[in-house]
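Before any comments, here is the structure.
Chain naming here is simple, since letters A, B, ... match the order of the sequence lines and numbering starts at 1 in each.
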Amino acid sequence: MNKVKVRFAPSPTGPLHIGGARSALFNYLYALKTGGDLVLRIEDTDLERSRREYEEEIVTSLRWLGLSWQEGIDTGGANGPYRQTERLDTYRRYTEQLLAEDKAYPCYCSEEELEAERQELLAAGELVRYSGKCRTLSAEEIAVRAAQGIKPAIRFQVPDSKEFVVDDLVRGRVVFHSDNEGDFIIVKSDGIPTYNFAVVIDDSLMGITHIVRAEEHLSNTPRQLMIYQALGLAIPQFAHISLILGEDRQKMSKRHGATSLIQYREMGYLPDALFNFLSLLGWSPEGEEEILKPEEIAAAFSLERVSKSPAVFNLEKLNWINQQYIKKLESTELLSMVQPYLAASEHCQEFEAYDRSKQLLIIETIRDQMVCLKDIKQLIDIFFIEAEADDEARELLATGSAEGVFDQFAAGYPEADAPGEIKAFLKKLVKDNKLKPKDVYMPLRCALTGQMHGPDLPNMISIWGRDECLRRLNQARK
RNA sequence: GGCCCCUUGGUCAAGCGGUCAAGACACCGCCCUUUCACGGCGGUAACGGGGGUUCGAGUCCCCCAGGGGUCACCA
């Protein structure tokens with residue numbers, strides 16, 4: 001068995017989206033599992049839409065997710081260049097070969113002309129495919145058009161009545177008939193190859209053994225098979241993974257909210273959590289545990305367990321997974337990861353005024369409520385805002401039943417006020433006054449925070465310390 | 001419309017002829033508890049429809065329906 005070599009080949013026409021990331025991830029996992037290599041190639045033959053900054057963003061996104069590759073755009077390798085626009089000479093050689101062997105021909109049809117034909121066929125309910133008009137152009141006719149300065153596209157001549165079968169690793173055997181395909185363009189009139197042509201040459205020349213890509217490419221596969229055959233190139237194995245759908249069961253697109261990886265990074269999803277979540281979309285491990293580290297996923301991965309049906313992107317599950325990862329973080333780690341999000345808070349300076357141990361205590365006090373890192377911004381508010389008591393809290397305070405407790409709280413506030421000491425202190429207040437715990441806690445909570453609900457009270461008291469607590473208490477009693 | 005793919009709870013998804021049809025998220029309830037969360041325990045909820053094959057079908061075959069993809073000088 002030869003060494004496995006897979007590739008991820010995005011077009012730099014936008015940021016890396018969830019679907020692309022999942023394709024990249026499956027390739028990465030397959031390479032890792034089989035001890036193979038991963039190639040990152042950039043398919044930038046769409047001159048109009050491709051942009052270098054997107055290419056950079058894609059690389060950044062992939063690295064952030066935790067992927068790495070052996071060959072590619074930024075790492076180099078023996079099969080470069082890895083940007084298609086830098087491989088034009090190579091494509092040209094193969095184009096000439098096909099032309100010389102009469103397996104391709106120049107097409108002088110204008111786009112308007114083609115569009116009109118397409119509409120006609122569509123309206124007539126007939127098979128929509130190129131008529132083959134230019135297939136039989138004589139040398140003279142070609143010369144005339146060339147003399148007029150018309151730049152031709154090059155079309156691949158589709159063989160008649162042949163079957164093309166894909167033995168897909170996830171879908172099984174899929175058969176296509178060549179009669180359903182019209183002669184398709186392999187080189188645009190500007191000399192740039194189209195996707196279906198370039199992809200075959202590159203995959204072949206780069207020694208790709210397995211093509212793992214999204215299902216939307218399944219129907220492109222017969223065209224690619226024709227080119228492999230015409231050029232006498234070895235055909236790799238295919239594995240078409242199902243699409244990721246939005247909540248409305250349509251293919252994920254911008255209108256489904258956050259769809260680029262960068263957006264998830266910005267919201268404070270952890271790369272390992274997203275890695276984990278994405279791996280569970282269309283694949284499942286054998287065991288029941290779903291929270292798995294990248295290494296564990298790679299070790300368990302196999303194409304046999306990849307699902308054929310499309311998966312709906314479920315944000316709630318992602319949130320839960322992210323929460324699990326946040327929970328596992330050391331407080332010190334979490335504190336440093338949260339820094340950029342803290343900077344966005346209006347209470348950033350106040351937070352930083354606390355010493356490190358108190359900062360860590362704040363983090364520990366609210367971490368269980370954090371779904372993603374950006375949540376820190378709202379979660380720390382309660383420590384700093386001076387909001388008026390809400391209705392519920394005001395009502396409870398209005399009974400005045402806890403005035404005695406408040407006095408004792410102020411008078412007996414302990415010298416050492418770590419959470420443990422505060423807890424003991426509150427317990428003593430409960431006991432001394434023969435009250436129920438909640439008759440001590442709730443009034444204090446309302447007085448100090450103005451709300452009936454919030455994080456652990458002893459922790460909050462400890463964080464504020466004596467002076468701030470008494471200040472808030474007095475404020476509330478006015 | 002042609003071609004192709006898909007179809008187990010709301011969502012992800014196990015199952016690869018014989019199970020009371022796993023598990024996770026979400027939801028609901030109970031417990032823990034000063035509250036909200038967290039956590040623990042429990043619960044509601046599914047094989048798209050119709051024909052076959054078989055002693056036996058979610059699992060195999062056919063038809064239909066629904067969903068999706070693709071038919072570009074985009075990838």
Side-chain angles (χ1 to χ4, degrees), chain A residues 9-13 43-46 48-50 84 107 109-111 114-115 118 121-129 151-155 166 168 170-172 174-177 179-182 184-196 198-199 214-223 240 242-243 245 247 249-251 277 280-291 304-305 307-321 323 327 366-370 392 426 430 436-446 449 451-458:
Chain A
S11 290
T13 54
E43 309 211 327
D44 58 346
T45 53
D46 185 341
E48 291 284 302
R49 297 192 299 148
S50 295
Q84 289 187 324
C107 170
C109 298
S110 69
E111 293 193 50
L114 292 169
E115 183 56 27
R118 240 193 315 273
L121 289 170
L122 206 59
E126 287 185 53
L127 193 56
V128 180
R129 43 122 120 120
K151 292 248 188 283
I154 306 296
R155 280 188 192 269
V166 185
D168 195 278
V170 348
R171 258 142 240 289
V174 184
V175 181
F176 297 89
H177 296 87
D179 293 343
N180 291 316
E181 311 280 346
F184 56 92
I185 290 175
I186 54 174
V187 182
K188 304 179 234 179
S189 52
D190 61 1
I192 307 293
T194 58
Y195 163 73
N196 281 119
V199 76
E215 193 196 334
E216 54 188 324
H217 289 297
L218 182 55
S219 43
N220 276 320
T221 311
R223 287 192 279 273
H240 287 95
S242 59
L243 262 18
L245 275 24
E247 302 281 356
R249 299 210 136 264
Q250 302 285 307
K251 187 172 150 185
F277 173 68
L280 260 19
L281 244 32
W283 172 81
S284 62
E286 283 189 52
E288 288 190 348
E289 186 53 53
E290 290 193 329
I291 302 294
E304 288 75 59
R305 293 189 67 84
S307 160
K308 297 193 219 198
S309 47
V312 172
F313 183 91
N314 184 204
L315 187 62
E316 279 174 341
K317 180 108 179 205
L318 204 214
N319 283 340
W320 176 78
I321 291 179
Q323 211 169 4
K327 211 168 292 178
I366 56 174
R367 65 182 299 158
D368 283 346
Q369 293 172 67
M370 224 187 275
E392 278 184 308
L426 295 185
V430 169
K436 282 186 283 203
K438 95 173 168 190
D439 294 324
V440 169
Y441 276 84
M442 290 316 287
L444 271 173
R445 174 181 292 283
C446 290
T449 71
Q451 294 170 38
M452 294 282 279
H453 312 296
D456 184 78
L457 190 61

Where along nucleotides 4-11 of chain B does protein come under 4.0 Å, by heavy atom, of base (B) or sugar-phosphate alone (S), with - for untouched nucleotides? SBSS---S

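Between A:Ile321 atom CD1 and B:rA26 atom P the separation is 10 Å, expressed in whole Å. Atom CG of A:Leu122 and atom C1' of B:rU70 are 13 Å apart (whole Å). Rounded to a whole Å, the CH2 atom of A:Trp283 is 14 Å from the C1' atom of B:rA24. Between the CE atom of A:Met452 and the P atom of B:rU33 there is a distance of 19 Å, given to the nearest Å. In this structure, A:His240 atom NE2 and B:rU70 atom P are separated by 12 Å, rounded to whole Å.
A:Asn319 comes within 4.0 angstrom of no nucleic acid atom, judged by non-hydrogen atoms across all strands. Using a 4.0 Å heavy-atom criterion, one finds that A:Gly282 contacts the sugar-phosphate atoms exclusively.
Annotation for A:Lys327: atom NZ counts as buried by contact number, over 12 foreign heavy atoms lying within 6.0 Å.
B:rU59 and B:rG52: their P atoms are spaced 15 Å apart (whole Å). Taking atom C1' in both B:rG49 and B:rC3, one finds a spacing of 24 Å when rounded to whole Å. Across the C1' atoms, B:rA13 and B:rA46 are found 12 Å apart, a figure rounded to whole Å. Rounded to whole Å, the P atom of B:rG67 lies 29 Å from the corresponding atom of B:rC27. Comparing B:rA72 with B:rA57, their P atoms are spaced 46 Å from each other, to the whole Å. B:rC60 and B:rA26: their P atoms are spaced 32 Å apart (whole Å). Here, B:rG40 and B:rG48 have their C1' atoms 38 Å apart, quoted to the whole Å. Nucleotides B:rG58 and B:rG9 place their C1' atoms 14 Å apart, quoted to the nearest Å.
The structure places CZ of A:Arg129 at 9.0 Å from CG of A:Leu121, a figure rounded to the nearest 0.5 Å. Rounding to the nearest 0.5 angstrom, the gap separating the CG atom in A:Asn314 from the CG atom in A:Leu280 is 11.0 Å. Remark: A:Glu247 CD to A:Leu315 CG distance equals 7.5 Å, nearest 0.5 Å. Note that CG of A:Leu457 and OG1 of A:Thr449 are 8.0 Å apart. Values are rounded to the nearest 0.5 Å.
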Please list, for nucleotides 38-44 of chain B, all pairs of protein and nucleotide N/O atoms separated by less than 3.5 Å.
from, atom 1, to, atom 2, distance (Å)
B:rC38, O3', A:Lys327, NZ, 2.7
B:rG39, OP1, A:Lys327, NZ, 2.9

Between the protein and nucleotides 71-75 of chain B, which nitrogen or oxygen pairs come in under 3.5 angstrom?
from, atom 1, to, atom 2, distance (Å)
B:rC71, O2', A:Val128, O, 3.2
B:rC73, O2, A:Ser189, N, 2.8
B:rC73, O2, A:Ser189, OG, 2.8
B:rC73, N3, A:Ser189, OG, 3.0
B:rC73, N4, A:Cys109, O, 2.9
B:rC74, OP2, A:Lys188, NZ, 3.0
B:rC74, O2', A:Asp46, OD2, 2.7
B:rC74, O2', A:Arg49, NH2, 3.4
B:rA75, OP1, A:Thr45, O, 3.3
B:rA75, OP1, A:Thr45, OG1, 2.8
B:rA75, OP1, A:Lys188, NZ, 2.7
B:rA75, OP2, A:Tyr195, N, 3.2
B:rA75, O3', A:Ser11, OG, 3.0
B:rA75, O3', A:Glu43, OE1, 2.9
B:rA75, O2', A:Ser11, OG, 2.6
B:rA75, N6, A:Asn220, OD1, 3.1
B:rA75, N6, A:Asn220, ND2, 3.1
B:rA75, N1, A:Asn220, ND2, 3.0

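Under the side-chain hydrogen bond (donor to acceptor under 3.5 Å, both in side chains) criterion, A:Asp168 pairs with A:His240, not counting sequence neighbours.
Interface remark: the A:Glu290 side chain does form a donor-acceptor pair with the B:rG23 base, using a distance-only criterion of under 3.5 Å.
Residues A:Thr45 and A:Pro193 come closest through the heavy atom pair CB-O, 3.6 Å. The two residues A:Arg305 and A:Ser284 make their nearest non-hydrogen contact at NE-O, 2.8 Å. Between A:Pro12 and A:Glu43, the closest heavy-atom pair is CD-O, 3.5 Å. Smallest separation of non-hydrogen atoms from A:Leu243 and A:Ala214: CD1-CB, 3.9 Å.
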Side-chain donor/acceptor pairs under 3.5 Å, residues 436-445 of chain A, sequence neighbours excluded:
from, atom 1, to, atom 2, distance (Å)
A:Arg445, NH1, A:Gly454, O, 3.4
A:Arg445, NH1, A:Pro455, O, 3.1
A:Arg445, NH2, A:Pro455, O, 2.9

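Each of A:Leu245 and A:Ser242 has a nearest nucleotide on RNA chain B; the 5'-most of these lies closest to A:Ser242.
In this structure, A:Arg249 and A:Val312 have side chains that are in contact, with non-hydrogen atoms separated by less than 4.5 Å. Between A:Trp320 and A:Ile291, some side-chain heavy-atom pair lies under the 4.5 Å cut-off. Looking at A:Ser242 and A:Lys308, their side chains never come closer than 4.5 Å, going by heavy atoms from C-beta outward. Residues A:Tyr195 and A:Asn220 are in side-chain contact: their nearest non-hydrogen atoms beyond the backbone lie under 4.5 Å apart.
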Per-residue pairing states of RNA chain B in dot-bracket (Watson-Crick or G-U under 3.5 Å; . unpaired, | other strand) read ((((((((.[[[..)..(....]]].(((((.......)))))....[[[[[..)....]]]]])))))))....

